Each structure stands twice: as C-alpha cells, then as structure tokens.
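The structure appears below as structure tokens.
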Amino acid sequence: MLDLRLIREDPDRVRASQRARGESVDVVDQLLAADEARRSSLTEFERLRAEQKALSKDIPSASGDEKQALLVRAKELSAQVKDAEAAADDAQRELDELALVPSNVIVDGVPAGGEDDYTVLREVGERPDLGTGEQARDHLEIGESLGAIDTERGAKVSGARFYFLTGVGAQLELAILNLALATAAEAGFTPMITPTLVRPEIMSGTGFLGAHADEVYRIEADDMYLVGTSEVALAGYHSNEIVDLSNGPLRYAGWSACYRREAGSYGKDTRGIIRVHQFHKVEMFSYCRAEDAVDEHERLLGWEERMMAAIEVPYRVIDTAAGDLGASAARKYDCEAWLPSQSRWLELTSTSNCTTFQARRLGVRERTDGGTRHVATLNGTLGTTRWIVAILENHQQPDGSVRVPVALRPYLGGRELLTPAGT
RNA sequence: GGAGGAUUCGCCUAGUGGCCUAGGGCGCACGCUUGGAAAGCGUGUUGGGGGCAACCCCUCGCGGGUUCGAAUCCCGCAUCCUCCGCCA
C-alpha cells in the first residue's frame, strides 16, 4: 500500500512508476477521487456527530416539554448520524480497496520493462572448465549417482515437483542452510524458526495475494495460507507494533520450509529440483528507517554475495526490471549462478527493498519526534535447497565425484569430495 | 469438542447507562529542589483521522445491535487462562 499523501502530492511519480511496470495508470486518478469523496463524507459525519453529542449532553438536565422536544430532535439526529456514518464507511472502504491496487513506487534507476529487461550489474568468478567438448552432467544425474536426490519416489509419494533428499543430499542441504544461518548470526541477525501457516491478513499484508495469488497454497478448512518464504512470517512478526530502530535496523534470519504452487509454470524446469513445490530457505529480513533502506539493500546484497563466494560458484548480479518486480518491491537484485548443463543463469538469491509498502499494510511503525511513521522492510535470500543444483553442477569432477566448497566442509564432517554410491 | 473466566493508556489497575471530557499507581520524559544525587513536589505521557486555523471526530480485544446517549446492556467472533472430554 502506498502513502496517500504521496499520491496527493506527487501523482506523476506514481503514474511513472505504474507505467514502467506496465500496470494501470488510471488507478491514480481513481484514488484521488476516492480520497476526495472520503474526506467530504467524513467531514459531514463528524459535523453531525458533534451536534448529536452536544445535544445529548443537554437532555439529562432538561425536563417536561423541553425535554420531550429535545428527545424528538435527538432521535432525528441519531438517524442522520447513522446514515452519514454509513456513507463515510462506504467511502473509506472504497478507498481502502483501491489503495491496494497500485504496486510500490520503484526506486530511481530501476530499468523499465519486463522479465528480459534487467540490467547486469556484474559477473563474478570463472565458469568451470569441464573438459574439452564434454557435455556437463546435470544436477539430477549427478545427484542420483551420489544417492543424493530421488525425484521418482518424490513423485510417487507427493506428485510432480516433489523429491526426497537422501543421504548426502540431505546433509548437503543442511550444510547450506547451516552456513547461511551462521553467516547471518555473525552479521548480527537474530536466527528465527518461523511458522509456515499464516492468517489471511498476514499473507495479504506482505503483498502476496495480489497478482501472484495463484502461487500460494491455501488451507481452505482453516482459512490459512502456507508461506512461500519466511519473509511472510517475519514481516508479520512486528505487525501492528511500534518498533524501536534507535539502535539500528532490526535484522532477522528466518529458517523455514517454503511452499509454492508453481501454477502457470507447466513444462518449465520440470527436471530435477530447480522448481519444486516445497523447499527450505534461510531468509534475511530487515526493518529499518525509510531513509536507510537503499543502503540496507546494498548490505543485504553484500551478504548474499558473501554466500555466493562461499559456495564458490560463478554468478552475476542483475537489477530486475520494473515489470518483473513483486508488488511490494521497489527494487530487486538477483544473484544468478551459472548452470553448466543448460549454459544459462539460474536465480539463487533475490533481495527486495519494499520501502514502506509492506509496513504500511502491516502497521509496522517507529516513533519519531513528530509522531509515528512507517518503517521500511527488506528481505534477501541467504541459502536454499536450489543451491544444491549450482553446487553439484559447478563442482562436478571428471571422475563423477563432486568437490565440496571449503566453507561447507565443516558442515559435512570435513568431507572434501562427494563420491558416487558404490565406488 | 464441551463448561466457566478474562481482554481498559508501555505495565498494573478503577470503572454495572448521562458526574468517564476514562480515574489511580508504576514506569518514562521534562521542570522545581540540591554542591551533586536520591527522596519529595509539579507538568506531561494510547493511537488514528479531518480542518488554513480555533478546534472537531474516532479509538476501552474485533464486528454488529439496543438507546436521545454504551467501557458499562444484548448478539456474534478472536485471543488467552482454568477445568472436562477426545487423541497421542
């Protein structure tokens, strides 16, 4: 949700942002009209209500005919107040509904356009030389040979896009997540294990029930949602609170299972564990002052790149185009690892600056000299199940083994190599 | 699943239809006092919205209702606590 004051004072900025995203520009004028309607109906209600209060104060001390006359007048007024209040409520409801429509206003510098209009900020690391003309084996082939990934039984038990991580595969996932959590803790984040079922208002407050509502699993019997990321729970953590940011940002690292329906991605990444319905993730989440959000975003990206370096995979950083941003994000950077088997880049991390957009919906504020104001929220990935893909493929050896990146070794009992089962 | 009880300002609490314009205590902030501090005294201290302003409106868990008037009465819901049942 945007600040109505911004829409009133600088509607052109909002229009430009909506245009860059390829979304509705007219909604700005609809909002301005709804805001005007709300204010005039509210003023009328308040005028009548004040009159009613003044009148009812005189009733107890009146008597006889005078009292009867007052009661008659008060009864009329009571009906008028009721109508005016209903009108004001309707106008407020209409405004509230419209206010959810515009997406966050993009940060200056975000490229306009859609999925393919990103800007590459940098490319880091060398793509592995896997031998002359040799076709790189893909992560599933490697994973199966290591006895690490079992997608067939995943499908048998739960359907397409489910999998078992077995043996060293399970350990490798935990190694990634443990390294991520340790990195976060060292950087001052508070480690958190979060709920994965949340109430509707929390899911909606984070902005995931807009255009991407089909992505979310809903538990109909209990009217709850399964989260696609711990960002949801961490954003809800301080909902309707006034937080204290005087000692710097509040930083949390959430560990959770993540659930995604992957509706509309039929036929895309169907092999292996690149695109799955359930995975684990360690996510950074930061509450900071609005004016610090741009710097905080760079810091989150910095921690993500530290993790990229730790798993020793070649990657690039992209500045996602406006049309490919989630509704809440004002800017998003992705780190994409090189995927040798497909000669393409694969998203491993994503960090979004949601400015005050989420906090406004969720009611997260801070105290300032001039009252309260909404804080900024940011999030970023520090490790997921998918990273197994990039690690297996980039560290595969000609003999079929996989080299373990140095930083992960302590979490794998010191192992330097993962070797195929039965060799 | 059933039966009771609770939900008031950061915390504790008063409040059974108009005297609530929600009182008191704690905490916190500022001031007085002091050589300095403590104590004491005084002032302030929920949040949101409208208005150029004076000022006004809303906010006693949430949503309805009764009434000229609701923290207070009625209905529904949520959360927490206690007990019972069921499951483990």
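Per chain, numbering begins at 1; letters A, B, ... match sequence-line order. All values reported here derive from a predicted model rather than from experimental measurement.
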Counting side-chain heavy atoms from CB outward, which of B/G49, B/A78, B/C68 is closest to A/R199?
B/A78
Phosphate oxygens OP1/OP2 of B/G69: is one of them under 4.0 Å from a side-chain N or O of A/S78?
yes
5'-most contact on RNA chain B (nearest-nucleotide basis), A/D35 vs A/A50, goes to A/D35
B/C28 - base-pair partner by Watson-Crick or wobble geometry, distances under 3.5 Å:
B/G44
Ignoring the backbone of A/R38, work out which of B/C68, B/G50, B/C57 is nearest its side chain.
B/G50
Taken to the nearest whole Å, CG/A/D96 to P/B/G48 is 16 Å
Whole-Å distance between B/G49 P and A/D89 CG?
16 Å
If the cut-off is 4.0 Å, is A/K75 near the phosphate of B/U67, judged by side-chain N/O to OP1 or OP2?
no
Using a heavy-atom cut-off of under 4.0 Å over every strand shown, decide if A/E76 touches base, sugar-phosphate, or nothing.
nothing
Lys/Arg N to Asp/Glu carboxylate O, A/R93 vs A/D96, below 4.0 Å:
no
Would you mind pulling out the nucleotide paired to B/G4, Watson-Crick or G-U wobble, both distances under 3.5 Å?
B/C81
To the nearest Å, how far apart are A/R8 CZ and B/G49 P?
10 Å
Between A/D35 and A/R39, does at least one N-O distance fall below 4.0 Å, as a salt bridge requires?
yes
For B/G1 and B/C87, measure between their P atoms and round to the nearest Å.
15 Å
Nucleotide B/G47, atom C1' - distance to CD of A/E241 in whole Å:
14 Å
Do A/D138 and A/R271 pass the salt bridge (charged side-chain N to carboxylate O under 4.0 Å, His left out) test, and can you show the C-alpha distance, the side-chain angles, and the key distance before you say yes or no?
CA-CA 10 Å; A/D138 85 348; A/R271 189 175 151 79; 2.5 Å; yes
Can you find a side chain N or O atom of A/R39 that sits less than 4.0 Å from OP1 or OP2 on B/G51?
yes
Please report the distance, rounded to the nearest Å, between CZ in A/R5 and C1' in B/G49.
11 Å
Among B/G50, B/C58, B/G69, find the nucleotide with the atom closest to the side chain of A/E46.
B/G50
In this structure, how many angstroms lie between the C1' atom of B/A70 and the CD atom of A/E85, rounded?
14 Å
Could you let me know what B/C19 is paired to, Watson-Crick or G-U wobble, both distances under 3.5 Å, or none if it's on its own?
none
Measure from the side chain of A/T372, starting at C-beta and using heavy atoms only, and say which of B/G18, B/G69, B/G47 lies closest.
B/G47
Should B/G35 form a Watson-Crick or G-U wobble pair with both distances under 3.5 Å, which nucleotide is its partner?
none
For atom P, what is the distance between B/A71 and B/C60, given to the nearest Å?
7 Å
For a quick test of reading the model: is some side-chain N or O of A/Q52 closer than 4.0 Å to OP1 or OP2 of B/G69?
yes
In whole Å, measure the gap between the P atoms of B/C77 and B/C68 for me.
28 Å
Can you tell me the pairing partner of B/C62 across any strand shown, Watson-Crick or G-U wobble, with both distances under 3.5 angstrom?
B/G76
Is there a Watson-Crick or G-U wobble partner for B/U67 with both distances under 3.5 Å, and if so, which one is it?
none
May I ask you to verify if any side-chain N or O of A/R47 is less than 4.0 angstrom from the OP1 or OP2 atom of B/C57?
no
Provide the distance between the two P atoms, one in B/U46 and one in B/G51, to the nearest whole Å.
23 Å
Do A/D12 and A/R15 meet the salt-bridge criterion of a basic N to acidic O distance under 4.0 Å?
yes
Partner of A/Y333 under side chain to side chain contact (heavy atoms under 4.5 Å, CB included), chosen from A/I318, A/T320, A/L121:
A/L121
Determine which nucleotide pairs with B/C9, using a 3.5 Å limit on both distances of a Watson-Crick or G-U wobble pair.
none
Counting the atoms with a prime plus P, OP1 and OP2 as sugar-phosphate, which does A/L42 contact under 4.0 Å by heavy atoms, base, sugar-phosphate, or nothing?
sugar-phosphate
Gap in Å between the two P atoms, one belonging to B/G31 and one to B/A39, rounded
16 Å
Please state the C1' separation for the pair B/U8 and B/A3 - nearest whole angstrom.
26 Å
Can you tell me the pairing partner of B/C86 across any strand shown, Watson-Crick or G-U wobble, with both distances under 3.5 angstrom?
none
What interatomic distance, in whole Å, is found between P of B/G69 and the corresponding atom of B/C58?
13 Å
Kindly assign one of parallel, tilted or perpendicular to the pair A/Y252 and A/Y287, based on the angle between their ring planes and the thresholds 30° and 60°.
perpendicular
Heavy atoms under 4.0 Å, any strand shown: does A/K67 hit a base, just sugar-phosphate, or nothing?
nothing
Can you measure A/Q92 atom CD to B/C57 atom P for me and round it to whole angstrom units?
18 Å
Just by distance, do the side chain of A/E283 and the backbone of A/N379 share a donor-acceptor pair under 3.5 Å?
no
Could you pull out the closest heavy-atom pair between A/K332 and A/D324, with the gap in Å?
CE-O, 3.9 Å
Euclidean distance for P, B/U13 against B/U34 (whole angstrom)
39 Å
Check whether any side-chain N or O of A/R367 sits under 4.0 Å from OP1 or OP2 of B/G10, and answer yes or no.
no
Calculate the interatomic distance between A/L362 atom CG and B/G48 atom C1'; express it in whole Å.
17 Å
Side chain of A/T43 (C-beta onward), nearest among B/C56, B/G50, B/G47
B/G50
Can a side chain N or O of A/K82 be found less than 4.0 Å away from OP1 or OP2 on B/U67?
no
